[in-house]
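Notes follow once the structure below has been shown.
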Number of protein chains: 2
Amino acid sequence: MSIASDILRGHTDGIILARLCKKDSYGYEINKSIQKITGNTYELKEATLYTAFRRLEEAGYIVSYWGNELTGARRRYYSITDSGREMLRSLRAEWEESKRSIDKLMDESFDTDN
Amino acid sequence: MSIASDILRGHTDGIILARLCKKDSYGYEINKSIQKITGNTYELKEATLYTAFRRLEEAGYIVSYWGNELTGARRRYYSITDSGREMLRSLRAEWEESKRSIDKLMDESFDTDN
DNA sequence: CGATATACCTCGCCTGTCAAGGTATATCAG
DNA sequence: CTGATATACCTTGACAGGCGAGGTATATCG
C-alpha cells in the first residue's frame, strides 16, 4: 500500500531533516533509505524530494556541497545546520501532538457529549 | 499549539467521516466537537470544512438535508452513506499504516545500514 | 550495443487550505 | 434600543506542495 500525497505533505521536510541528522547524505541515497525503512510504503517522488531540498536550503536548514566521486555520477551532498536541527526538534514535537489528536478523531470508540 | 495546515491535509475527510459515523451532524457542531476533542489543538477552518463537505457529497460519501429548526439559524445536516463508511474504513487503515512509517522515519534512534 | 542502475534537475498542472469577505437569526448587557 | 457576541451558513481567489513528464550524464553487465 502506498500513502496518499496529501498525507506525505507536511512530513517531507521533517523526514529529510531526520535522515540528515544521522549523517550527511544525497538525494538518491535518502530516497532509497526511506523506501527501505518503510518497506516501500512511503515513497518520496524525485520531483518532491528535489523541491524540498531547494526549500530547505533556502530556509537555511541544510547546506549542500558536491561530493568528489572519482567514478560514477556526481552527488550533491546535504548537511543539516543548527537551525535545521532546531526545526527538526519542533517538527518532531508537532508530529507527536498531531498524532495524538488525529488518533482521537479517527478513533471509532471516542465520543463527546456536547 | 496549533497544527500546520500541511499536516491537516489528508486527514480532513477521514475526520469528518468519523464524526458523521457516530451521528448525523452539521458544520458548526462538527467543528466545535473537533476542537473540544483535541483541546483546541486541531482546528478546521470554516472554508476548509465547507469545501470538504462539497467534495465528500459530490463523491457520494455523505448526503445532506436541511434541519427544521423552529428558532435560530438554519442548519444543514450531513449523513454518511454506505460508500462513505467504506471509505472511512480504508482511511483508518491508511492512517495506521502511515503512522507506523512516519514514526520510523522521524525516530532519532532508528538507523539503516545501507 | 541496449538495458538497467546510479545520480542529478526543471516545468507546469492539480488540489486542498485558508484569509477575507459576505448573509441571517437569537441573546444579553448596558 | 443598540451594539456585541454566539450561532449558522456560504464563496472567491491566492498560495504552496506533490508529482507526472520530461530531460541530462556516467557506469555496469549481458
Side-chain angles (χ1 to χ4, degrees), chain A residues 2-17 19 24-36 42-59 61-62 64-78 91 94 98 102 114, chain B residues 2-17 19 24-36 42-59 61-62 64-78 91 94 98 102 114:
Chain A
S2 91
I3 293 171
S5 29
D6 282 340
I7 295 196
L8 305 188
R9 198 198 260 236
H11 300 297
T12 309
D13 291 5
I15 287 169
I16 292 173
L17 290 176
R19 289 282 92 209
D24 286 12
S25 186
Y26 54 96
Y28 197 83
E29 188 184 48
I30 288 176
N31 225 11
K32 290 291 169 203
S33 80
I34 290 172
Q35 287 169 36
K36 190 178 178 188
Y42 206 102
E43 198 210 342
L44 290 184
K45 297 291 147 53
E46 284 202 0
T48 305
L49 187 68
Y50 289 109
T51 31
F53 283 142
R54 302 286 156 273
R55 184 169 60 238
L56 291 168
E57 186 156 29
E58 194 165 354
Y61 299 142
I62 60 176
S64 67
Y65 56 93
W66 286 103
N68 55 343
E69 277 61 52
L70 300 172
T71 177
R74 76 219 192 289
R75 300 170 176 168
R76 186 198 281 276
Y77 282 86
Y78 295 93
L91 289 175
E94 193 184 12
S98 61
I102 297 167
N114 73 328
Chain B
S2 90
I3 293 172
S5 32
D6 282 341
I7 293 197
L8 307 187
R9 198 194 262 236
H11 301 297
T12 307
D13 291 6
I15 287 168
I16 292 173
L17 291 176
R19 290 281 93 211
D24 287 12
S25 187
Y26 55 96
Y28 198 82
E29 189 183 48
I30 289 176
N31 225 12
K32 290 291 169 204
S33 80
I34 290 174
Q35 286 168 37
K36 190 178 176 189
Y42 206 102
E43 198 211 342
L44 289 185
K45 297 291 148 49
E46 284 201 359
T48 306
L49 224 215
Y50 290 109
T51 335
F53 283 142
R54 303 284 156 271
R55 184 171 58 240
L56 291 169
E57 186 156 30
E58 194 164 355
Y61 298 142
I62 61 177
S64 67
Y65 57 94
W66 287 102
N68 55 342
E69 277 63 52
L70 299 171
T71 179
R74 78 221 191 282
R75 298 170 178 170
R76 187 199 282 276
Y77 282 87
Y78 294 94
L91 288 174
E94 192 183 13
S98 60
I102 297 167
N114 72 326

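Sequence lines set the chain letters: A, B, ... in the order given, protein chains first and strands last, and positions in each chain run from 1. As the structure is a computational prediction, the values presented were derived from the model and not from experiment.
Counting to the nearest Å, the C1' atom of C/dT17 and the CD atom of B/Glu43 are 12 Å from each other. The CZ-P distance, from A/Arg55 to D/dC15, rounds to 17 Å in whole Å. Rounded to a whole Å, the NZ atom of B/Lys45 is 19 Å from the P atom of D/dC10. Atom C1' of nucleotide C/dT17 and atom CG of B/Leu49 are separated by 12 Å, given to the nearest angstrom.
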Where along nucleotides 6-11 of chain C does protein come under 4.0 Å, by heavy atom, of base (B) or sugar-phosphate alone (S), with - for untouched nucleotides? BBBBB-

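For the OP1/OP2 pair of D/dG17 and a distance below 4.0 Å, the side-chain nitrogens and oxygens of A/Thr48 include no atom meeting the criterion.
Partners of A/Tyr28 by side-chain hydrogen bond (donor to acceptor under 3.5 Å, both in side chains), not counting sequence neighbours: none found. Every residue was checked against the salt bridge (Lys or Arg N to Asp or Glu O under 4.0 Å) condition with A/Arg74, not counting sequence neighbours, and none meets it. In this structure B/Tyr26 satisfies the ring-ring contact (aromatic ring centres under 6.0 Å, His included) test together with B/Tyr77, sequence neighbours excluded. Partners of B/Asp13 according to the side-chain hydrogen bond (donor to acceptor under 3.5 Å, both in side chains) rule, which considers only residues two or more places apart in sequence or in another chain, are B/Arg55. Partners of A/Glu69 according to the salt bridge (Lys or Arg N to Asp or Glu O under 4.0 Å) rule, which considers only residues two or more places apart in sequence or in another chain, are A/Arg75. Not counting sequence neighbours, B/Arg76 has no partner by the salt bridge (Lys or Arg N to Asp or Glu O under 4.0 Å) test.
In this structure, the separation between OH on A/Tyr61 and CD1 on A/Ile16 is 13.5 Å, given to the nearest 0.5 Å.
Within residues 5-17 of chain A, the residues that place at least one heavy atom under 4.0 Å from DNA chain C are, in residue-number order, A/Asp6.
Applying the salt bridge (Lys or Arg N to Asp or Glu O under 4.0 Å) test to residues at least two apart or on different chains, none of the pairs has a partner in residues 42-52 of chain B.
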